[in-house]
**Q** 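I am attaching a structure below and will ask some questions about it afterwards.
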There are 2 protein chains.
Amino acid sequence: MKYIEKLRNSGLRPTKQRLQICEVLFDTEKTFHFTINDLANKIRKQLNNKISLATVYNTVHAFEKKGYLKQIPINSNQTYFDTNVSDHHHFYDLKDEKLIDLEASEVGPIKILKQINGKKIKSVEVLVKLED
Amino acid sequence: MKYIEKLRNSGLRPTKQRLQICEVLFDTEKTFHFTINDLANKIRKQLNNKISLATVYNTVHAFEKKGYLKQIPINSNQTYFDTNVSDHHHFYDLKDEKLIDLEASEVGPIKILKQINGKKIKSVEVLVKLED
DNA sequence: CACTTTTTTAGAATCGTTATAAACTAGAAA
DNA sequence: TTTCTAGTTTATAACGATTCTAAAAAAGTG
Ligand SMILES: [Mn+2]
Ligand SMILES: [Mn+2]
Ligand SMILES: [Zn+2]
Ligand SMILES: [Zn+2]
């Protein structure tokens, strides 16, 4: 398995559940956005298997901490995650409630002209809301 | 009262509760960021009064719909609102969990080079995460 | 005032997320 | 292999922000 090393290197034991979640998250052509529930459903269908919701939460948070997933800053009743961990931005379609990637190269350079004393910038994320 | 007209013009009856919430929200030198709970507490202290939580929720949502408040897109267990309804951006201090305004003039012009078919841009918001 | 519509309210319900604690498992040591 | 231990999974309970409910109160109208 190609994910065993990845997990071990992160100090995470390569358990059956984690490897299966890796498959669903990372064995894809394209990256995607998901909620915990989306992911739980995908696991059930795609792997014909059920992993405890608690484990899905735990794993997603562990992966996020390790930098294998990103949380998308958006207001929703559910938290959205992204398998695209590159520096990039998002469109949010207000009508369809859907997220669309907006690559950093598709946004002109962003200059932040204000400094906050004693703090440094960790990330700069743009959210573009769309209407019809 | 200076808010009676404002409310009437919005099709909202100027009730005692709404007028009091207006006072707390808009009778300030500076704009500010708040959660529903922040606001409920402020009402209790500042006006020595208690307004039902349901009413605070109702009013904040009504004001947001009318454009008197903005919701700030951020991941938190609570929803953040802003009395600054101008187009502007935010720093988010990850350690202190605090929001700081970043005026549009303090960010270089943002060019969105990607178009989504049949959709138009409603807003462009930047979130700058800060660490020590 | 009489009447209708909107608003407020306490409390219940909802639901995403987190905590709990017992059973299980991976990895290492013996 | 067997034993040991720390890490993991799991079902379920707890939590908490938000929404819903339905009855009482207030606002607007004539
Ligand atoms: Mn959230
Ligand atoms: Mn929220
Ligand atoms: Zn994305
Ligand atoms: Zn602001």
Side-chain angles (χ1 to χ4, degrees), chain A residues 1 3-25 33-44 47 49-66 68-69 71-81 97 99, chain B residues 1 3-25 33-44 47 49-66 68-69 71-81 97 99:
Chain A
M1 280 301 205
Y3 297 115
I4 292 181
E5 269 310 290
K6 180 175 178 160
L7 290 171
R8 282 231 177 81
N9 292 337
S10 312
L12 298 171
R13 287 188 182 172
T15 64
K16 183 165 60 107
Q17 291 86 349
R18 283 176 179 158
L19 289 169
Q20 291 182 326
I21 291 174
C22 279
E23 269 186 62
V24 173
L25 290 177
H33 307 122
F34 66 93
T35 65
I36 298 284
N37 246 295
D38 292 340
L39 180 54
N41 289 335
K42 220 166 194 169
I43 291 163
R44 217 171 314 121
L47 304 175
N49 182 22
K50 183 190 170 295
I51 295 177
S52 163
L53 236 204
T55 298
V56 180
Y57 272 99
N58 288 340
T59 303
V60 165
H61 288 140
F63 286 5
E64 189 206 0
K65 191 167 294 178
K66 296 301 178 182
Y68 305 145
L69 292 174
Q71 214 182 321
I72 301 172
I74 196 178
N75 284 113
S76 165
N77 49 328
Q78 291 178 82
T79 303
Y80 275 83
F81 293 90
E97 296 184 322
L99 285 162
Chain B
M1 278 306 204
Y3 297 114
I4 291 181
E5 272 308 293
K6 179 174 180 162
L7 289 171
R8 281 232 176 78
N9 292 340
S10 313
L12 299 171
R13 289 185 180 173
T15 64
K16 182 166 58 104
Q17 290 85 347
R18 283 175 179 159
L19 290 168
Q20 290 182 327
I21 292 174
C22 279
E23 268 186 64
V24 173
L25 290 178
H33 308 121
F34 66 94
T35 65
I36 298 285
N37 245 295
D38 292 340
L39 180 55
N41 289 335
K42 220 165 193 170
I43 292 163
R44 218 171 313 123
L47 306 173
N49 182 23
K50 183 192 169 295
I51 296 177
S52 162
L53 236 203
T55 298
V56 180
Y57 272 99
N58 289 340
T59 303
V60 165
H61 288 141
F63 286 5
E64 189 205 0
K65 191 167 294 177
K66 297 299 178 185
Y68 304 145
L69 291 174
Q71 214 182 317
I72 302 172
I74 196 178
N75 284 113
S76 166
N77 50 325
Q78 291 177 84
T79 304
Y80 274 83
F81 293 91
E97 295 183 324
L99 284 161

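Order of the sequence lines sets the chain letters (A, B, ...), proteins ahead of strands, with each chain counted from 1. All heavy atoms count here, side chains included; hydrogens, waters and symmetry mates do not.
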**Q** Rounded to the nearest Å, what distance is computed from the CZ atom of residue B:Arg18 to the C1' atom of nucleotide C:dT9?
**A** 14 Å
**Q** My understanding is that only residues two or more places apart in sequence, or in another chain, count here; which of them pass side chain to side chain contact (heavy atoms under 4.5 Å, CB included) with A:Ser52?
**A**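 For A:Ser52 the side chain to side chain contact (heavy atoms under 4.5 Å, CB included) partners, ignoring immediate neighbours, are A:Ala54, A:Thr55.
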**Q** Tabulated below should be each protein N or O lying under 3.5 Å from an N or O of nucleotides 27-30 of chain D; please produce it.
**A**
{"unit_1": "D:dA27", "atom_1": "N3", "unit_2": "B:Arg13", "atom_2": "NH1", "d": "3.2"}
{"unit_1": "D:dG28", "atom_1": "OP1", "unit_2": "B:Arg8", "atom_2": "NH2", "d": "3.3"}

**Q** Which residues pass the side-chain hydrogen bond (donor to acceptor under 3.5 Å, both in side chains) test with B:Asn58, sequence neighbours left out?
**A** none
**Q** Can you sort out the partners of A:Asp38 under side-chain hydrogen bond (donor to acceptor under 3.5 Å, both in side chains), two or more places apart, ordered by chain and number?
**A**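 Testing A:Asp38 for side-chain hydrogen bond (donor to acceptor under 3.5 Å, both in side chains), a comparison that skips the adjacent residues, returns A:Thr35.
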**Q** Could you tell me which residues satisfy side-chain hydrogen bond (donor to acceptor under 3.5 Å, both in side chains) with B:Arg44, sequence neighbours excluded, listed by chain and number?
**A**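 Applying side-chain hydrogen bond (donor to acceptor under 3.5 Å, both in side chains) to B:Arg44 gives B:Asn41.
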**Q** OP1 or OP2 of C:dT17 sitting under 4.0 Å from any side-chain N/O of A:Tyr57?
**A** yes
**Q** Between the protein and nucleotides 10-15 of chain D, list every N/O to N/O distance that falls short of 3.5 Å.
**A**
{"unit_1": "D:dT10", "atom_1": "OP1", "unit_2": "A:Gln17", "atom_2": "NE2", "d": "3.1"}
{"unit_1": "D:dT10", "atom_1": "OP2", "unit_2": "A:Ser52", "atom_2": "N", "d": "3.2"}
{"unit_1": "D:dT10", "atom_1": "OP2", "unit_2": "A:Thr55", "atom_2": "OG1", "d": "3.0"}
{"unit_1": "D:dA11", "atom_1": "OP2", "unit_2": "A:Lys50", "atom_2": "NZ", "d": "3.3"}

**Q** Could you state the atom-to-atom distance from CD of A:Gln71 to C1' of C:dT17 in whole Å?
**A** 12 Å
**Q** Do the side chain of B:Arg18 and the main chain of B:Arg13 share a donor and acceptor less than 3.5 angstrom apart?
**A** yes
**Q** In whole Å, I'd like the distance from the CD1 atom of B:Ile36 to the C1' atom of D:dG16.
**A**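 Going from CD1 in B:Ile36 over to C1' in D:dG16 covers 14 Å.
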**Q** Going by the rule side chain to side chain contact (heavy atoms under 4.5 Å, CB included), which residues pair with B:Pro73 if we only count those two or more places apart in sequence or in a different chain?
**A**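 Here the qualifying residues are A:Asn75, A:Leu127, B:Glu125.
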**Q** Rounded off to whole Å, could you give me the CG-to-P distance for the B:Asn77 and D:dG16 pair?
**A**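 So the CG-P distance, B:Asn77 to D:dG16, works out to 10 Å.
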**Q** Just jot down the side chain to side chain contact (heavy atoms under 4.5 Å, CB included) partners of A:Ser10, sequence neighbours excluded, or say none.
**A**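 For A:Ser10 the side chain to side chain contact (heavy atoms under 4.5 Å, CB included) partners, ignoring immediate neighbours, are A:Leu12, A:Lys66, A:Tyr68.
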**Q** With A:Phe34, which residues qualify under ring-ring contact (aromatic ring centres under 6.0 Å, His included), at least two apart?
**A** A:Phe32, A:Phe81
**Q** Rounded to the nearest Å, what distance is computed from the OH atom of residue B:Tyr80 to the C1' atom of nucleotide D:dA17?
**A**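 It works out to 13 Å between those atoms.
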**Q** The criterion is side chain to side chain contact (heavy atoms under 4.5 Å, CB included); which residues satisfy it with A:Gln20, sequence neighbours excluded?
**A** A:Lys16, A:Leu47, A:Asn49, A:Ile51
**Q** Whole-Å distance between D:dT18 P and B:Asp38 CG?
**A**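 In whole Å, D:dT18 P lies 11 Å from B:Asp38 CG.
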**Q** To the nearest Å, give me how far apart CD1 (A:Ile74) and P (C:dG16) are.
**A**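 It is 16 Å, rounded to the nearest whole Å.
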**Q** Enter the inter-axis angle for the ends of the helix from C:dC1-D:dG30 to C:dA30-D:dT1 (five pairs per end, rounded to 10°).
**A**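 Angle reported: 30°, given to the nearest ten degrees.
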**Q** I need the minimum non-hydrogen distance between B:Leu53 and B:Ala40, along with the two atoms involved.
**A**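 Looks like CD2-CB, 4.4 Å.
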**Q** It should be established whether A:Thr35 places a side-chain nitrogen or oxygen under 4.0 Å from OP1 or OP2 of nucleotide C:dG16.
**A** no
**Q** Find the distance B:His61:NE2 to D:dT18:C1' and express it as a whole number of Å.
**A** 8 Å
**Q** B:Tyr80: which residues meet the ring-ring contact (aromatic ring centres under 6.0 Å, His included) condition with it, sequence neighbours left out?
**A** none
